[in-house]
Amino acid sequence: MSKTAQKRLFKEYQQLIRDSPPGIVAGPANENDLFLWDCLIQGPPDTPYEHGVFNAQLRFPRDYPLSPPTLTFTPAILHPNIYPNGEVCISILHSPGDDPNMYELAEERWSPVQSVEKILLSVMSMLSEPNVESGANIDACILWRDNRPEFERQVKRSIVASLGL
Amino acid sequence: MDTDTDIRMSDTNSAPHGVTCRICRGEATDENPLFHPCKCKGSIKYIHESCLMEWIESKNVNISKPGSSLNCDICHYPIQFRTMYAENMPDSIPLSLLLQKSLLSLFNKARLGFTLCVSLILFVFGVPLTWNFFGKLYTYILDGELPIHGDFFKSMIYGYQNDVPELSTPFHTYLQLQWNSVISSFQIIIIVLIHIALYFQYDMIIREAVFDKMILHKVGSAFTREELLKMQLKERFPMMDDETLEHVVRLMHLREERIEQGNAAAAAAVAEEPNEEEEMNNEVQEDQSDASDDVELDPDYEESDHDLIHDHLDEQVESDASDEDLIEGQELDHDQDEVQDLLLDHDVPFHEYVGNRRAQNQFNNLLDQHINAMNEVRQEPVVPEPQPLPQANEVVVEHNENVPEQLNENVPEQLNEDVPEQPQDFRQPQAQRPPPIILDAGIGAAADDQPIAGPLVVNLKFKLLSVLVYFVIAVVSVCLYLSISYFFPTLIGYGLIKVYMWIFKVIFSALTYLFHLSKLDIVYSFALQYVPYFAVVTEWVNNNFIAVIIRHCHGYTQNTMRNKFIIRAAPCLATYLTAISIICSSSGWISRGFSRENPMKNRSRRFAFQVLFVMKCTLKVFTLFFIELLGFPMFAGLMLDFSLFCPLLGSSNQFIILFELCSEFPPLAFAIYWGIGTIYMYWFAKYIGMIRQHIIRPGVLFFIRSPDDPNIKILHDSLIHPMNIQLSRLCLSIFIYAVFIIVGFGFHTRVLFPMINFKILIPDTALSLSSHSLYSYLVVFYVAKNFIESRQGVKFYIRKYWERVFEVSSSKLRLSSFIVSKDIPTERGHIIYRNWYYKFFLSKNAKWSNPDLFSDPKTSDQAQALFKEQSTVHAYFIPDGILMRVPSSDIISRNYVQTLFVPVTKSDKLLKPLDVERIKERNKRNAGEFGYLDEQSTEFDGYIVVYTPPNFRMRYTLLIALVWLFASILFIASALVCQFSFNTLLGATALPLSILIFGQESITFEKLKQFVFTGFRSLNIYLVCFGGMILSIFVEAYYKYDLQTRRLREHIVPVVEEENQNEEVIEVEQELNQNMVDFRALANDIVQNFFFKFFLLVGYAALITLIRLLNLFVIVGQLCSFLIGYLDFKKLNLLVVGISAMLPKFSDYSTVDSKLAGISVYSIIASSGMFSIFFIISIFPVLIYINRSTEDILKELYKNIKKAMKFTFETSIPVILMWVLFSIFEYSTNSHQYASFKVAMRFLLFDRLLIGNGITWTIPQHLFYLSSVSYLCLVGGWHLVSLLMKLFGVAVQEVKDEVYARGRALENFSDNE
């Protein structure tokens, strides 16, 4: 099982090296462990996250690609769909059997057809368009909905802090 | 196998180079080729078989069986599989194997079918009949005699019915049994519904947070803080001895106090902090209460499983559900250790509520810290640990890793579903597992024991024997249930009624004694003589009330009024009422003397109190809900009947009419009342919502609940407010509704129209009103209502109308400031004139005579003086009225309202201080015992200051009257307009058409003419409804046009400013195009409309029903008449009679002779009952299409119709042709015997069979019957053979799959498939 996963991860890594989408850099954290990746995601333009570069960790399960990886921002960033501990909550990272309430369509959730590249692209689109309906960070949701300027100010501040300026 | 690999090789070759598997991203190899088994294209087209299998396996789907299928996740197309067969599979399956296998499966299916039939019969007829039997049996035992003397069997069947036939044939018995079972099923359903309602009520109540607080208020908490601490510690560290326990508790206590002191200081500094804590605590409480409920409910899950499978047990189960739950929950407590007790007990959530909660929290924190400390630095413990603890420490360290996992995963799982495969894992670590940290986890521990004591695995099997066993269980439970709920209560009731009668007698004689003693009889006779109408009134009361009561009492005591339901129910009712009053009072009696400060410690007493209290609350809430949800709408419906339907549809002499119309089945009237009342209330609420949202100022209607009010917690409110206050509130709103209906409608229908002899609004009563026409009225009305309601334009214009009405009437009444929040200075006072002449005739001149009329207000005295001084000024403005604080929102809390409606100055200062004491006093009086638990959201509390004129109440009442007036005008006018417009349309189109088609003298034309003319003279609901629908379409079109022109105007303005003429032209052109598009869109809308589709489906169903009935008519009719009439086959006769007896209108046929029975088949088939049955059968399968697009529906329907037509052309049409052919033959050979060709045709089909052997059969007659039937047999045989062939194919495939299948392989998707 883990051999399949390793093979696939290696392929995906190769693919990403060959042509990675703009604003995304990802690869295994070290040579020995293919199951832990470090990613750098650029904040999409025309959003509060513009000019920011965010570090995130992708942790793959042993039965990848049958189960989805988890993506954690280190450090956590303020966003309605990111838990205070940095974990990202988007439908593509949920395995099909996870959601008993059927909020998400089966097509939107994880399937082996998806890939690291797609996950990171989804995260970028999530950064530009938060989904407040299924929020992970309630405070951020409320702030985003009711007091957008304050939300943007806080995000900007954390970006500046993270860049060490 | 070779062929397989060949195919595979060719497949592999077909996969282009460089493509990868969508799962593993690997390329195709010789051992592992790539497939494209679904419709997916592009980079995800290909997949390895092994990868797909892995993925399928991880989804827990079994695909290995032939026939199973799986859809692709992405394209949702079934993934293509091919079954591989064993190499040794013969080309033709041996017959013996085939026979063996198919007989086996046939046998299994037959057995299943038989079992199904048996269980259906047993449970659909058997159980109701058992119910009926036991009900009657108990009644006779209670009576001590049979209603029909000496005939037990007959008594059981007919009971106390009036029309018992002298000689009961099996047929009559069968009919009676059918009727009995229908009645009993009805009873069973109602009783089950009541039990379910009660159970859910109970369940909701114990989940309600405030309920726990109420119990706490009544009897306090079960344990003190120290006890709780000790118990928890004991649970956590089982090997700790008592001494150490004491020690730790003391230590914790000390530490806690220290923290508390610190906290108190902090709390003084930060005022919010306690709130937060409270919130947190509340959360914790809620969690706990939820969890504890879950645990407690487990026994019920088991029972509900039972119910699902054989629901006839549920009366039994549910009748006791409310007790059983508690008892079982409590029994668990007794059996198991303290902690469970602590958790399952109702008090858990609020142990910490008052003084303990902070301690509780800190205790938990402390334990956490304690563990962390031990893990991290064992050398320097934060809490100095006594000696015996190290063991426990080790355990803690060992298992610390598991703890979070177990908390996160196991606990919820266990609570939600009792996982049967896990108990071993859990029981085994139970001994050494560290006790969980927080209370929630404690529940987890409690739940661990669940599988042991927990629910049985209900493993019901569907077998004949087990069905019988279930039936026996159902019978026994019916017997028990009836004995518990009917037999014993009645028995006890007999005694109770005797006692009550005796008490009543004593009181009554005492009263009469008092009556004479106080010389009231003299006053009475005096009043009788001198007070006018007194005698009439007393006589009326005597006749209508006292005499009835006396008659019933007499009937009861003499046992003469046995058939009366009320007499039968009286003893039972007496018992129930007594029991309820005992329950209600005893819970209060048990808890007397206990309170939060003085908690009840006795556990059994506590338990008894809780059971009684929950029963009391359930009954209270049930009563309230029952009144509100059922009684209220029914009452409204009754009032509507009185004031609207009866005078309009029936005669104005009657009071109500619906019961008369539903005389076939009186309970139906209640259902109709409920429906009508609900619709009325829905409309009323909608109207209120409309004016609240769009027209009037928010806060005017604060006394009517708004749907978005956060203070509406219905269950919560019904629990904590005292019963009498809630009842009086309900009665008040019922009264207001009744007054609105009776005055609002009744005034017109009962007083106004008859008085002014306004015939047109009173429908023609000559149209005899039957229940059928009532149903059609209801249906037409409902369709029209939905249709009109869904038009946006109609809504818009109605809203405009009401806006105008409110604007005008409130400005006339000087209420603009209050009602629509428009402060108009001229409304703030009145104008005083020189004299009445100026006031009434020259008011305008008088106003003009004073140039600063409004800018220079005067007082009344000043004005009088000025009139004398200045002769040219004839009017002065006198300000009056006051400013008042009123609610500024509809959703304010009840207590806040009490501080409003007080006069203030311009600068919002109170004129006189609020009488806070009185308000408090009143609140206290209204709130009752638990009032302080009521937490109302004060988020929206706020007031504004508005101007109110003098005589505010009168003006307000007048406003309501004006609204009523305008509503009447709207209703009557729109009804008239609808009627006239539709009637005119009908006259203008249908009359000329009918002249064209039928000619001027035809009956159709005359009838139509008459119809149109009566349409101008009296109201007709159909005309109004259809007119309304047509008008609403026009209104809608105008609305759209209006909207468009307005948009156009608004659009053009900026364009013109920019001086860009071209663009304007383009814009207009675009707009025109837009118009065209809009029309197309409108057409599309109509086609895709729900109603259009609905009518399409109804039309289809009617058509297909007609086709099917034609086929049935021809085929079955022909066969039956052949068998009965031609061959004189007597046995079938009975069957036909049996069938016809089931249809209500054909019960007369039970007496017909055999010949007629053959013919009656035709009448049965052609009857309306048969039509409706077939109609329902045909419409239900297609109703699911209603959400699809019209094209799809048409396609689907076309397919069905084509199939039906094909069948018709094969069977019915040839037979009909034969009939015509042989009729011609017969007529031509024996033309002298028939008056016309029609008679010949009729004779051949019907009359030939009716006439016995008197007339000899002619050759064409013989030929017709023989050939038609033989043709039908031929066609049937052919169909049968083809069906058999198909079945044979299926059977062969099944056997192949079962015996020779060797797994499945992927197959490439080919586009031509």
Side-chain angles (χ1 to χ4, degrees), chain A residues 1-19 21 26 34-35 37 60-70 83 85 87 91-92 94-102 104-119 121 138-139 142 146, chain B residues 18-29 31-32 34-63 70-79 276 279-280 283 294 404 408-409 412-413 415-417 419 939 1306:
Chain A
M1 184 65 84
S2 98
K3 206 162 212 175
T4 324
Q6 271 175 348
K7 234 159 64 188
R8 157 132 180 182
L9 283 171
F10 188 65
K11 292 250 174 186
E12 283 199 52
Y13 180 46
Q14 275 182 329
Q15 178 71 27
L16 268 174
I17 291 171
R18 215 177 303 141
D19 51 346
L34 270 172
F35 290 93
W37 286 28
F60 295 94
R62 292 284 142 178
D63 61 347
Y64 183 81
L66 301 181
S67 304
T70 56
Y83 286 105
N85 66 359
E87 203 175 307
S91 54
I92 197 175
H94 297 162
S95 60
D98 270 354
D99 183 19
N101 300 327
M102 304 300 284
E104 295 155 353
L105 297 171
E107 296 93 286
E108 289 173 0
R109 279 181 264 150
W110 177 254
S111 116
V113 179
Q114 313 288 7
S115 62
V116 174
E117 187 186 332
K118 296 228 179 68
I119 291 171
L121 283 174
I138 304 298
D139 296 331
I142 293 168
D146 298 339
Chain B
V19 296
T20 52
C21 165
R22 70 164 90 146
I23 289 184
C24 74
R25 301 287 153 93
E27 291 178 0
T29 56
E31 302 87 58
N32 205 356
L34 282 171
F35 291 89
H36 51 105
C38 61
K39 271 185 171 171
C40 290
K41 292 262 159 61
S43 66
I44 55 167
K45 183 176 179 181
Y46 293 98
I47 193 164
H48 285 131
E49 187 168 14
S50 55
C51 293
L52 178 73
M53 288 309 169
E54 219 168 79
W55 172 231
I56 290 172
E57 219 168 85
S58 78
K59 292 211 293 187
N60 276 334
V61 179
N62 185 10
I63 198 74
L70 180 76
N71 289 355
C72 167
D73 298 314
I74 290 104
C75 66
H76 298 291
Y77 194 83
I79 295 172
E276 277 174 19
E279 266 170 36
M280 215 165 72
E283 272 172 33
D294 278 353
N408 294 339
E409 292 162 24
E413 254 179 45
L415 284 176
N416 295 338
E417 51 197 52
V419 193
E939 199 183 329
L1306 270 185

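So you know, we letter chains A, B, ... as the sequences are listed, proteins then strands, and number each from 1.
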Would you say B:R22's side chain and A:P112's backbone share a donor-acceptor pair under 3.5 angstrom? no
Smallest heavy-atom separation, A:K11 atom then B:R25 atom, equals CD-O, 3.2 Å
With a 4.5 angstrom heavy-atom cut-off, which part of B:I44 approaches chain A: side chain, backbone, both or neither?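 Contact with chain A: side chain only.
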Select one option (side chain, backbone, both, neither) describing which atoms of A:E12 are under 4.5 Å from chain B's heavy atoms. side chain
